[in-house]
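Beneath this line is the structure, given in structure tokens, with notes to follow.
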Amino acid sequence: MTETELPSRYDPHTAASTWSAKWEEAELFKGDPERNDPAFTIVIPPPNVTGQLHMGHALNNTLQDVLVRYKRMDGFNTLWIPGTDHAGIATQWVVKRNLEAQGIDYRDLGREAFVEKIWEWKAEKGGRIVEQLKRLGVSADWSRERFTLDPMLQKAVTEHFIRLYEEGLIYRGQRLINWDPADRTALSDLEVIHEDAKGEMWSFAYELADGSGEIVVSTTRPETMLGDTAVAVHPEDPRYQHLVGKLLKHPFFDREFPVIADTMVEVGFGTGAVKITPAHDPNDFAAGERHKLPMINILNVDGTINAEGGPFEGMTVLDARAAVKARIEALGLFRGREDHAMSIGRSQRSGAVVEPMLSTQWFVSMKPLAGPARAAVENGATNFIPKQWENTYFSWLTDIRDWCISRQLWWGHRIPAYYCEACGHVHVSREAPEVCASCGHAVVPQDEDVLDTWFSSALWPFSTMGWPDKTPDFQAFYPTSVLVTAFDIIFFWVARMMFAGIHLTGMVPFKDVYIHALIRDKDGQKMSKTKGNVVDPLEVIDQWGADAFRFTLLAFAAQGRDVLWDEKRVEGYHRFTTKIWQALRFSFLHEYGYDAQGEMEFGPYDRWIQARTGAAVARVREALDGYRFNEAAAEIYQFTWGEYCDWYIELSKNTLYSQDSSEARKNAVKHTLFTTMGAIVRLLHPMMPYLTEEIWHILPGTEGFVAVAPFPKASEFPEDAAVLEEVALVQDVITAIRNIRGEMELGRKVELTALVASPALLEQLSRHAGSLADLAGLTLGALEGRPAGAATAVIRGEELVIPLDGVVDFAEEVKRLDKVLLKVEKDVQQLSRRLSNPSFVDRAPDDVVAEVKGKLDAATVRMETLRASRARLAEAL
RNA sequence: AGGCGCGUAGCUCAGCGGGAGAGCAUCGCCCUGACACGGCGAGGGUCAGCGGUUCAAAUCCGCUCGCGCCUACCA
């Protein structure tokens, strides 16, 4: 192949389609439970089947892919299980709305037909996010793609429910739950989002039944008085002590209820008397249980007032509120109002105002499960990275309340409970009972409700592997190595997987939990459709390619910080892909005559880039091992562009283009060019899979796919301290000369000569004469007598005199020297100030003191040399 | 109310106890045989403010100001 056959630009889109297909064909990402290497397993946080790929998914999956590709190359038996979540409420909602658009009420269809419609929808549209994930280039094992409603996973959910039920950890009971009147279902505490709202404290009086007075209560929700069954005061509140135990009469109904004493009441707040509505407020419910109060549910499932509300029956909550207020005012019981900031709970999914309501539901008893989940993190069986997130995890598990898991939906895992129609006996079993175990009755229908989606998500790390069966996958790949997710689902998901995993499998479900950032827009705002600031990852990929997109996400992914998305960065990393491609093209110019088996004579630059490569490899590995993705990305970027391209390629030209170089020298340089590029693409492959695979197949001497090539080890690249020092010297000279050129605005055409006073330095530099000429346009000479006008550079304390007679205005050089001197003098000043401080010399570590001394010596020599030069130059003026 | 995070160059961000960094943007010079999606060079910062610990603080501690987030039963 010759240069003309390599396109002048890298096309990420062609590469993506080519290599995705070939990887799949070669089944590179298929997990093999029979393989003997140590396993590295990840399960994807399953996106909602209704979902569209967003930036959060893109970041999340890029990070997982980097880890999996790194470990795969590094010899692990890797498995990344992908899949989607049935997302009960969200999916039912989407299909319900589609039907409504066709004028169909899903309830009219009936359960079976509706669920059938959802499956149809899923088959047609549900795979969209899976295809979108593939465009990111992720190397998941698609042959193991799972869905939370797959029969295998259904089995796991049923098993989970039954085991916990049999152990007494799942129970059915009447509790106060969060009711979503729009979706007509119960919600867990986590599915309710609280938002601040302006409200009012509205006060009214309850009259004593004996007519001896009244007690004034305040409320933000006057309509709940329809369900009041007590008024509470603090037992030690002198204002009310005489009223405790007396009866109040309800102004609308023929009902009396007591004044109770309870420490829940805050004496200084409001009137110090609290109306108690046990069926519609969590605090009041607790009070109701303590005082054995009647609990009157005043709401229908659709959120309207029920028959308990008498004349208010059928009204919405808001209508009822106005009507109740009017009626109380009419009765002369209104006692004032004031503005009051409050928070209202809304359903995360439907947005409807959630009503606390008394209801019979299934619950998981959390306290016994939370303990071991907590302990597993405390004792290090599972580690959070960054560690600070452990606090979030602990705080939730510490104050945990029982988990309401039943949902009044049709889409999901049906609760495996059956109720005898005759005697009401409850059966919880894997199969439907044929007759009632208690009375023998033949009609034992199943519970109508389904389980909270998260109840199945909690099993994902092992239900995807076939648990409860001891499948080969489960035995080879469980527990998983790391869970990669965002902090917003630590409660929803991470904690629940932890307690479910520990309880059911006896093992923590993952060893590490890497918590990554949220992606926000450039101004730090959360991306949301309503704000219109959403960036579509697919559009970014269309424009810049998956490689540049992924690299940008990684470069931004510093631990513990949100990512503020800046599209311009993608362009920058796209240029990085171009740069790498151009470096490849350069190597290819010299591919002719390259013989990987031929004789090679390595020079200092070759040994230099090899040593530098080793150092870069070590740093990249260290960063990846610590989940410091941005550091790994920065290291590769800096090494590739700043060392390989800017220095090695430039330094290699002298040998490659010279007539004098031996074939063995040239062959060694070519070899180093190709092998270093080979190391770069192996290092970079987890981040830029397509570009690197494309290059791997072009590079001579490579085999197979880079996706399964060995990840570089530092030990492949010999260290060489002497050559590092030697090349650093050359770099310093080149940089110093370039600086003079830049400052003096001297173009490339002006040849410069450096006269070196030190014979030793001259000798050293002479060995690099070719490079100095190539990179700095410099020839060397011995310093014999002073030229009238010259610029000066100081290298390693030695003077380089660059005659500039007739080339530039010496006044310019004096100005330049003044600028440099200003800096050096400041350095000398600072360093000597530190050294003249006796407590620094006494108390700082010896190596620090020695370092400062060394720096001061060097700076002093430099300063003196520059001063002398300046003086001579000023004289010549 | 409690908790967490953030405030570093014009912008987006690293650094988190030993002399202030990157990318982009800006300003010069350069169409040098990989690359102008490039090369070379330069300018630019009381590291939010105040106080403390330390020989040494952007880095540790405290307070203040500003921004963001999470949790919570204020009727």
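Protein chains get the first letters and strands the later ones, always in sequence-line order, with residue 1 at the start of each. Just so we're clear, the structure is a prediction, and the values are computed from it rather than from any experiment.
Using P as the reference atom, B:rG2 and B:rC63 are 12 Å apart when rounded to the nearest Å. For the C1' atom pair drawn from B:rC30 and B:rC65, the interatomic distance equals 49 Å after rounding to whole Å. Taking atom C1' in both B:rC35 and B:rC13, one finds a spacing of 27 Å when rounded to whole Å. On the P atoms, B:rG62 is 15 Å away from B:rU53, given to the nearest whole Å. Between B:rU64 and B:rC55, the two P atoms lie 28 Å apart (nearest whole Å). If you take atom C1' in B:rA58 and the same atom in B:rU46, they sit 12 Å apart, rounded to whole Å.
A donor atom on one side chain and an acceptor atom on the other are not found under 3.5 Å apart for A:Gln830 and A:Arg833.
Evaluated for a ring pair (Phe, Tyr, Trp, His ring centres under 6.0 Å) with A:His574, the options A:Phe549, A:Trp544, A:Phe551 yield exactly one hit, A:Trp544.
In terms of phosphate contacts, A:Lys579 brings a side-chain nitrogen or oxygen within less than 4.0 Å of OP1 or OP2 of B:rG39. Put simply, A:Lys568 has no side-chain N or O that comes within less than 4.0 Å of OP1 or OP2 on B:rG23. Contact between the side-chain N/O atoms of A:Lys653 and the OP1/OP2 oxygens of B:rA34 is found at a separation under 4.0 Å. Neither OP1 nor OP2 of B:rA42 sits under 4.0 Å from any side-chain N or O of A:Arg738. Distances shown here put every side-chain N or O of A:Arg569 at or beyond 4.0 Å from the OP1 or OP2 atom of B:rC13. Contact annotation: A:Lys823 side-chain N/O to B:rG43 OP1/OP2 distance is under 4.0 Å. Side-chain nitrogen and oxygen atoms of A:Tyr10 include none within less than 4.0 Å of the OP1 or OP2 phosphate oxygen of B:rA34. A:Arg843 has a side-chain polar atom (N or O) that falls below the 4.0 Å cut-off from OP1 or OP2 of B:rC55. Residue A:Asn391 has no polar side-chain atom (N or O) positioned under 4.0 Å from OP1 or OP2 of B:rG3. Between A:His340 and B:rA75, a side-chain N or O to OP1/OP2 separation shorter than 4.0 Å is present.
Contacts of A:Gln388 with the nucleic acid, taken as non-hydrogen atoms under 4.0 Å apart, involve only primed sugar atoms and P, OP1 or OP2. Within the nucleic acid shown, A:Phe491 comes within 4.0 Å of sugar-phosphate atoms alone, with no base atom in reach, counting heavy atoms only. Here A:Glu745 lies in heavy-atom contact (under 4.0 Å) with sugar-phosphate atoms only. At a threshold of 4.0 angstrom between heavy atoms, the contacts of A:Arg9 include nucleobase atoms, whether or not backbone atoms are also involved. Among the protein residues, A:Arg833 comes within range of no part of the nucleic acid, since none of its heavy atoms lies under 4.0 Å from any strand. Using a 4.0 Å heavy-atom cutoff across all strands shown, A:Pro845 reaches at least one base atom of the nucleic acid. A:Leu831 comes within 4.0 angstrom of a base, heavy atoms only. If you check every strand for non-hydrogen atoms under 4.0 Å, A:Phe556 touches sugar and phosphate atoms only. Among the heavy atoms of the strands lying under 4.0 Å from A:Asp827 is at least one base atom, whether or not backbone atoms are also near. Using a 4.0 Å heavy-atom distance criterion, A:Gln638 is classed as making no nucleic acid contact.
Nearest to the side chain of A:Gln582, among B:rG18, B:rG39, B:rC35, sits B:rC35. Out of B:rA42, B:rG39, B:rC73, the shortest distance to the side chain of A:Lys819 is found at B:rA42. For A:Lys749, taking side-chain heavy atoms from C-beta onward, the closest of the listed nucleotides B:rC73, B:rA75, B:rC31 is B:rC31. Of the candidate nucleotides B:rC73, B:rA34, B:rC55, B:rA34 has the atom nearest to the side chain of A:Leu589.
With a 6.0 Å cutoff to the six-membered ring centre and a 45° limit on the axis angle, A:Arg175 does not count as a cation-pi contact of A:Phe285. Remark: A:Arg738 is positioned above the aromatic ring of A:Trp647, its terminal NZ or CZ atom under 6.0 angstrom from the ring centre and at most 45 degrees off the axis.
Going from atom CD1 of A:Ile193 over to atom P of B:rU71 covers 10 Å, rounded to whole Å. Across the protein-nucleic acid pair, A:Asp281 atom CG and B:rC73 atom C1' stand 7 Å apart, rounded to whole Å. The CH2-P distance, from A:Trp641 to B:rA34, rounds to 16 Å in whole Å.
Under the 4.0 Å criterion applied to side-chain N and carboxylate O atoms, A:Glu813 and A:Arg816 are assigned as salt-bridge partners. The existence of a salt bridge linking A:Glu200 and A:Lys325 is confirmed by a sub-4.0 Å separation between a basic side-chain nitrogen and an acidic carboxylate oxygen.
Between the side chain of A:Ser839 and the base of B:rC55, no donor-acceptor pair under 3.5 Å is found.
Searching all strands for a Watson-Crick or G-U wobble partner of B:rA34 with both distances below 3.5 Å returns nothing.
A:Ser658 contributes no side-chain N or O that, together with a main-chain N or O of A:Thr655, makes up a donor-acceptor pair within less than 3.5 Å.
In this pair, A:Phe586 and A:Tyr657 present their aromatic rings perpendicular. The plane angle is above 60°, beyond the 30 to 60° band.
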